[in-house]
Amino acid sequence: MKITKSVCVYLSIIVLALLSLFIFHKVPVHHLWTGYETLAVPVSMPESNVLDVLKNCGCEDVVSLSYQNKTSFSDYSPVQKKNPFIDYQQKTNSFFFDKSSKYQIYYIPEKFSAAVERSYRVLLKNYNVEACLDSQVRFPWTTPLICFIFAFFLTFFSKQKIYFIVTAFFPLIFTLSQPFFAPAGAVCFLLFGIFLIQNIRRRSGFVYVIRNSFLTVFFFIIPVLFAFAVSFLTGFLLLLCVCASFSLEHFLFIFEQKRTEKVLFKSSLILPAQYVPLVTHFNLRIMASCIFVTGFFLAQFSLSSRFLPSSSAKDLLIPSPARYNRDSAIVSLTDYIEWTWYTLTYPYRSLNSKVTKVENGDTIVIPRFEKNSDGIVQTDEVVFKYDNEFKQKIVDEIDLKSENSMEKLLKRQGNLNSAVFSASGSGSGDLHDFLILILEFLLTPVVLFYLLMRIKKNDKN
């Protein structure tokens with residue numbers, strides 16, 4: 001009965017892992033702008049034609065140049081003098097073109113991603129234009145393929161090949177479910193950890209060695225922590241895969257026991273796990289391969305372009321999200337707030353007065369005349385004050401704009417509410433994964449060097 005319960009538990013873990021990997025399967029789709037897909041079309045094709053294609057394919061709420069409001073905010077002075085400090089209209093125009101002005105940019109909400117894909121294919125096939133899309137969904141076969149090759153490499157040198165294949169199954173399936181660079185690097189560490197403990201498997205004292213060895217931390221715990229650093233879901237799935245791998249190993253052990261029961265002469269493992277060295281010169285040479293695998297993922301990540309097709313977009317400089325910098329920003333919410341200040345306060349300023357750059361604390365004051373016991377006296381009324389309250393009010397009112405407005409797009413970027421021209425493949429959204437890959441790449445040689453010193457010390461003794 002006890003065996004039946006344990007079998008049910010292990011089987012439940014395996015089924016849960018399979019279902020979770022299937023349900024939470026992801027395909028990497030990167031967007032330059034959070035919540036939007038970016039489509040670049042040569043200016044030779046009129047905007048009206050592009051919008052017709054997008055509409056016919058099912059795209060709505062497209063943020064494009066023709067949808068931007070070109071009128072002043074003030075109803076009292078619809079015509080205003082040009083502001084010497086900010087040409088917001090020009091900044092707005094720049095947001096919808098690449099730096100060379102050869103491509104016009106369209107921003108489509110990501111909920112219409114399938115429709116955008118159809119539109120993209122129509123533009124390429126029916127209109128024969130070199131359009132570029134930043135979010136084509138293509139499964140990155142290279143990432144799991146490298147993990148499978150690495151697993152095959154370890155299987156070739158493994159003394160217990162069936163054990164390794166069985167326990168490596170779920171980590172490899174994980175790379176198909178989550179085909180991202182950082183989790184794949186973590187899986188490679190995990191695969192080597194499985195390879196490392198094959199000689200002490202099912203020996204007496206196995207649990208003690210695993211619990212007290214720092215190699216367990218490096219090759220089993222740290223990979224899971226790296227996965228959690230990517231996202232909670234990624235970490236949970238990899239942890240579940242580790243549990244499922246050892247569940248499969250348990251079934252393999254049961255199968256081996258059933259098979260040996262039919263054998264007349266039975267062998268047993270005499271040497272306890274404590275006396276079987278995990279760190280050997282051979283294992284370290286195999287471990288060095290982890291450096292090449294993580295290095296490959298790091299190089300592939302660094303050289304990969306998120307903007308497709310790369311043949312026509314490799315030199316394309318398009319508006320990309322960034323933190324506000326007055327010197328480099330094409331347009332930003334700060335520009336919008338300042339422009340709103342000028343347009344709202346324009347009717348209250350003298351046409352002959354010199355326009356100055358707005359600063360925090362600036363006010364617009366108009367005289368008021370009141371009658372009291374002393375007669376008629378003049379008072380000053382502060383109509384507008386450029387402070388945090390004013391700025392927040394303007395930002396809040398962006399929500400009342402249409403879904404086609406550029407300002408709404410910028411607001412949805414959070415702190416990255418400014419646009420700068422940058423290479424189409426460069427984006428700040430992947431910095432997190434890049435740092436994890438750097439750590440994965442650097443940790444292996446550090447541990448390898450430490451183990452080499454440890455072996456040399458043991459050899460001398």
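For this chain, numbers begin at 1 and follow the sequence in order. Values in this document were obtained by computation on a predicted structure and should not be read as measured data.
Not a single donor-acceptor pair under 3.5 Å links the side chain of N404 to the backbone N or O of Y67. In this structure a side-chain-to-backbone donor-acceptor pair under 3.5 Å is present from S320 to I318. Panel note: side chain D335, backbone S332; a donor-acceptor pair is recorded below 3.5 Å. Judged by distance alone, the side chain of S289 and the main-chain N or O of I286 form a donor-acceptor pair under 3.5 Å. Without hydrogens or angle criteria, K408 side chain to K401 main chain gives a donor-acceptor distance under 3.5 Å.
By the 4.5 Å heavy-atom criterion applied to side chains, L233 and F24 are counted as neighbours. Considering only heavy atoms from C-beta on, T175 stays 4.5 Å or farther from F180 through its side chain. Annotation: side chain of P183 is not in contact with side chain of V187 (no heavy-atom distance under 4.5 Å). Using a 4.5 Å heavy-atom threshold, the side chains of L51 and S66 count as touching. A 4.5 Å side-chain heavy-atom check between I337 and V358 finds every atom pair outside the cut-off. At least one side-chain heavy atom of F226 sits less than 4.5 Å from a side-chain heavy atom of L443. Side-chain contact check for T167 versus F246: every heavy-atom pair is 4.5 Å or farther apart. Residues F96 and V63 are in side-chain contact: their nearest non-hydrogen atoms beyond the backbone lie under 4.5 Å apart.
Residues satisfying the side chain to side chain contact (heavy atoms under 4.5 Å, CB included) criterion with I210, sequence neighbours excluded, are I197, I200, F206, T216. With sequence neighbours excluded, no residue forms a ring pair (Phe, Tyr, Trp, His ring centres under 6.0 Å) with Y106. Legend: residues meeting ring pair (Phe, Tyr, Trp, His ring centres under 6.0 Å) with Y450, ordered by chain and number and at least two apart, are F214. Not counting sequence neighbours, the partners of K393 by the salt bridge (charged side-chain N to carboxylate O under 4.0 Å, His left out) test are E397. Listed by chain and residue number, K411 satisfy the salt bridge (charged side-chain N to carboxylate O under 4.0 Å, His left out) test with D399 (two or more places apart in sequence, or in another chain). T34 is linked by a side chain to side chain contact (heavy atoms under 4.5 Å, CB included) to Q413, counting only residues two or more places apart in sequence or in another chain. By the salt bridge (charged side-chain N to carboxylate O under 4.0 Å, His left out) test, R323 is found to be paired with no residue, residues two or more places apart in sequence or in another chain being considered. Residues that satisfy the ring pair (Phe, Tyr, Trp, His ring centres under 6.0 Å) test with F169, not counting sequence neighbours, are absent from this structure. Applying the side chain to side chain contact (heavy atoms under 4.5 Å, CB included) criterion to Q198, with sequence neighbours excluded, gives S158, K159, Q160, Y163, F195. Scanning for side chain to side chain contact (heavy atoms under 4.5 Å, CB included) contacts around S12 gives an empty result, with sequence neighbours left out. Partners of Y386 by ring pair (Phe, Tyr, Trp, His ring centres under 6.0 Å), not counting sequence neighbours, listed by chain and number: W341, F390.
In terms of heavy-atom proximity, A419 sits nearest to P319 at CB-CB, 4.3 Å. Considering every non-hydrogen atom in both V447 and M287, the closest pair reads CG1-CE, 3.7 Å. For F220 against I194, the heavy-atom pair with the smallest separation is CZ-N, 3.7 Å. Minimum heavy-atom separation, F156 to K161: O-NZ, 3.5 Å. The heavy-atom pair separating A17 from F170 by the smallest distance is CB-CE2, 3.6 Å. Across Q68 and M406, no two heavy atoms sit closer than the pair OE1-N, 2.9 Å.
Pairs of residues two or more places apart, or lying in two chains, that qualify as side chain to side chain donor-acceptor pair (under 3.5 Å) and include a residue from residues 219-234 are S231-T234.
The ring of F218 has its center closer than 6.0 angstrom to the ring center of F189. With ring centers used as reference points, F228 lies under 6.0 Å from F232.
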From CA spacing to verdict: side-chain contact (heavy atoms from CB on, under 4.5 Å), I105, F95: CA-CA 8 Å; I105 313 298; F95 187 72; over 6 Å; no

Steps toward side-chain contact (heavy atoms from CB on, under 4.5 Å) verdict (V293, I146): CA-CA 8 Å; V293 174; I146 294 300; 4.0 Å; yes

After noting the C-alpha distance and the side-chain angles of L298 and F181, does the key distance pass the side-chain contact (heavy atoms from CB on, under 4.5 Å) rule? CA-CA 8 Å; L298 181 62; F181 293 109; over 6 Å; no

Going through the checks in order, is the side-chain contact (heavy atoms from CB on, under 4.5 Å) test met by M45 and N128? CA-CA 10 Å; M45 184 171 182; N128 196 29; over 6 Å; no

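Note that the CD1 atom of I436 and the CG atom of L225 stand 11.0 Å from one another [nearest 0.5 Å]. Here CZ of F174 is found 10.5 Å from CG of L240. Values are rounded to the nearest 0.5 Å. Of the inter-residue distances, the one linking I394 atom CD1 with E338 atom CD reads 12.0 Å to the nearest 0.5 angstrom. Taken to the nearest 0.5 Å, the CG atom of L190 stands 10.5 Å off from the CZ atom of F219. Taking CD1 of I162 as the reference point, atom OG1 of T155 lies at 11.5 Å (rounded to 0.5 Å). To the nearest 0.5 angstrom, D433 atom CG is 12.0 Å from I438 atom CD1.
Classification of E403 and R412 as a salt-bridged pair holds, one side-chain N sitting under 4.0 Å from a carboxylate O.
A tilted orientation is assigned to the rings of Y10 and H250, their planes being inclined by 30° to 60°. Using cut-offs of 30° and 60° on the angle between ring planes, the pair F150 and F153 is parallel.
Within 6.0 Å of CZ on F282 lie more than 12 heavy atoms contributed by other residues, nucleotides or ligands. The 12-atom threshold is not exceeded at CZ of F152, counting heavy atoms of other residues, nucleotides or ligands nearer than 6.0 Å.
A donor-acceptor pair shorter than 3.5 Å can be found between the side chains of Q392 and D396.
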